[in-house]
4 protein chains.
Amino acid sequence: MSVEQRGRPRSEKSRVAVLEATAGLMVDCGYEDLTIEGIAAAAGVGKQTIYRWWGSKAGVVVEALAEGYLQMPLTAPADSGDLRGDLRGWLLELKGEIEAPEVSRLVQAIMSALTSAGETSSAIHESLIQPIMDGLDARFGAHDRAHPGQLTAPPQFLAETVGASLLLHVMFARPLTVEWIDQLLDLVVPGSP
Amino acid sequence: MSVEQRGRPRSEKSRVAVLEATAGLMVDCGYEDLTIEGIAAAAGVGKQTIYRWWGSKAGVVVEALAEGYLQMPLTAPADSGDLRGDLRGWLLELKGEIEAPEVSRLVQAIMSALTSAGETSSAIHESLIQPIMDGLDARFGAHDRAHPGQLTAPPQFLAETVGASLLLHVMFARPLTVEWIDQLLDLVVPGSP
Amino acid sequence: MSVEQRGRPRSEKSRVAVLEATAGLMVDCGYEDLTIEGIAAAAGVGKQTIYRWWGSKAGVVVEALAEGYLQMPLTAPADSGDLRGDLRGWLLELKGEIEAPEVSRLVQAIMSALTSAGETSSAIHESLIQPIMDGLDARFGAHDRAHPGQLTAPPQFLAETVGASLLLHVMFARPLTVEWIDQLLDLVVPGSP
Amino acid sequence: MSVEQRGRPRSEKSRVAVLEATAGLMVDCGYEDLTIEGIAAAAGVGKQTIYRWWGSKAGVVVEALAEGYLQMPLTAPADSGDLRGDLRGWLLELKGEIEAPEVSRLVQAIMSALTSAGETSSAIHESLIQPIMDGLDARFGAHDRAHPGQLTAPPQFLAETVGASLLLHVMFARPLTVEWIDQLLDLVVPGSP
DNA sequence: GACTAAACGAGACGGTACGTCGCGTCTTTCA
DNA sequence: TGAAAGACGCGACGTACCGTCTCGTTTAGTC
């Protein structure tokens, strides 16, 4: 007994071309100026192929995000045992990256896609925001397991707080100052020297 | 010596009609589906009048926000002397409001306008996000002046942290749970009973 | 010794289904709105089958005409010995038929196919116009053989003249009046009582 | 008391550009391959402008015909007093013209437009076929007034007959032979030397 | 009070992108 | 190997808005 599979199968080549083109155009144009027609042209694909499989601009971006063709350029914090030091290093690295205009533009484009998406919003949230949160959460969690009782709140909650503060800064292109970073660290990792 | 003022003066009636129409359409359609043509039609105004005075969709929305035709339905926290209690009450009230779908839709529309706006972003930021921050900031500041040294961080920073966490929840339509509220309070007003 | 006949033979069922579907759609939609995809769907046939055997919309219509699935609803004139009377009867019968809207629509669809076809035009012409001309020609010819020297022009030429006048009236949906018929008869069969 | 005239008035320049472009493209491409998009591009005009004022391909062609931007390249027969001679000269001239491929193509394109147009058919008929008929009719009529009782049928009817025979030949790209011309003349101007 | 000049409503303009339809080709599986 | 199914790149469809441009019509000063 086999699953019926009639007609020409979906072209993996086209699928990848669309996602790659989308990623490229998000960087170049942002989300608002991204057009289905532009994606189709850049991917060398018919518009119908996009509408057949994704149905909307948001849909394509969601999948490009989910499959990692388009990535919030954020890594996970290191784990040297020193939680505050690790977070500080991570935030300072971020500070540098975010000041680069192309990164900032991409992040804004992604956030724009996120808020515009409406119902698919939570899907995108999971594929984009979650990874950042996860990286932070893992770091906080590792600390919590090594030094139980030291954290002032559950690891996930702290991760969320740091992530939220961070994203809002990035969204509105406000600079990440060293003072701000230290205040944030004081709040979430209070006892540290 | 007076400034020359020749020709027909700007029509206040049209100005108001545009801003009111914009506010109404933001609620009904969201930001992406808002069109200049739609605003003009709804306001009974020529398109040129809009382009003459505002120049872009974002511009109209900015002014509608700034003039309060379109409001993030957020009030300032009360000040009963009990900081934690006041914030808790404020957050619980918010929780109720945000769960109403029309409020949630409006907030998303506004956030969408914010992120999409690009260069005007900071202008909008100031007219929308700032008020929320200001309300919180004032409450934290009042406490700080009454009980210096009790807060773990500068009032403005705490306001920002709470605001950021809050907005991200609203943006992605995640429910505000009571547990989450209490964790947040533990973080920013640690010593409170 | 026989011609090699390898692989699955052409499906007569599909061939007939296509031609029948084409005939039906010509009546319903006319020639311009007739589509290969529509024919394929209506016939329950793959598009490729049509392209394999006919290659174009015009091709299918030609064959449908040639095989009589789609017929200019015109019969040949009777032959009672009285040429003028026979032609008159035939034209009056036509008059009745042509006033029916579905007949008129079909005739227009066919004429549209004819003029649009371009190079294949003469092929279609032969399969459609010729039969009408042939019917007339036969009738004129029979008279000419029975009464040599009575006709004012060669039978084929007279047939052509009558046919042309007729078709132009049908093409532009002008009514066939009795006066017009009699004038035409006076012209081509002058001596008749 | 004045007729209201609100908004920007229709651009005569655009109207003419569209009709001229249409005429040019009809010659180059024929009717079937004529596209609204092509006309708009060639005329340097937005598609919407065409849809606003004409609504369909057929509509534009009708007006181009009616306004003479696109003309069946047929002149009226001369009037030297010799009806048969004049008609013969006219038909021979036609024969020459029609054999030119670009003329033949244009005529086919126009006929194609005519038959495809459906309901507007009679409008087109009047603006295209009628002029030819009128030219012939005038010539027959002049003769009839000069020599009453010589013609075998009313002038208009004779004009129609000649016109119909002619058009059908042109439609199907059949050559106009001298023999055919003389037979036709024998039929409609029988008594002539 | 006539004149001037800017703002107004209306709406047509050249465009861009939309989402759909049909083309003719291709690549599968099934008979 | 023919046929159905159906995805593919492509191009045109007719529509919606964009931002700009006339129009005729207010509605204030200024002469």
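In what follows, chains carry the letters A, B, and so on, assigned in the order in which the sequence lines appear, proteins first and then strands, with residues in each chain numbered from 1.
A sub-4.0 Å separation between OP1 or OP2 of F:dT22 and a side-chain N or O of D:S11 is absent. Using a 4.0 Å cut-off, some side-chain N or O of B:R52 falls inside it from OP1 or OP2 of E:dC8. Residue D:W53 places no side-chain N or O under 4.0 Å from the OP1 or OP2 atom of E:dG11.
Both B:I36 and A:S14 lie near DNA chain F, and the one whose nearest nucleotide falls closer to the 5' end is A:S14. Between D:P9 and C:T49, the residue anchored nearer the 5' end of DNA chain F, judged by the nucleotide with its closest heavy atom, is C:T49. Along DNA chain E, the nucleotide closest to D:R6 and the one closest to D:G46 are compared, and the more 5′ of them pairs with D:R6. Place A:E37 and C:K47 on DNA chain E by their nearest nucleotides, and A:E37 ends up nearer the 5' end.
At a cut-off of 3.5 angstrom, the base of F:dA7 holds at least one donor-acceptor pair with the side chain of A:R8.
Scanning all heavy atoms of the two residues, the minimum distance from C:Y31 to D:E32 falls at CE2-OE2, 4.2 Å. Scanning both residues, A:L106 and A:L70, for their nearest heavy atoms gives CD1-CD1, 3.6 Å.
Distance CD (D:E32) to C1' (E:dC23): 13 Å, rounded to an integer number of Å. Atom P of nucleotide E:dC18 and atom CG of B:D33 are separated by 14 Å, given to the nearest angstrom. Protein atom CD of A:Q48 is 13 Å distant from nucleotide atom P of E:dC18, rounded to whole Å. The separation between C:I39 atom CD1 and F:dA4 atom C1' is 17 Å, rounded to whole Å. D:K57 places its NZ atom 14 Å from the C1' atom of F:dG11, with the value rounded to the nearest Å. In this structure, C:Y51 atom OH and F:dG6 atom C1' are separated by 14 Å, rounded to whole Å. Atoms CD1 (C:I50) and P (F:dG2) sit 17 Å apart, rounded to a whole Å. Taking atom CZ of B:R10 as the reference point, atom P of F:dG29 lies 17 Å away to the nearest angstrom.
Using modelled atom types, one finds no donor on one side chain facing an acceptor on the other under 3.5 Å when comparing B:T49 with B:S14.
For the pair A:R10 and A:W53, the cation-pi test (distance below 6.0 Å, angle within 45°) is passed.
Residue A:G44 is in sugar-phosphate contact alone, with no base atom involved, counting any heavy-atom pair closer than 4.0 Å across all strands shown.
Comment: C:R105 does not engage C:E102 in a salt bridge, judged by the lack of any side-chain N to carboxylate O separation of less than 4.0 angstrom.
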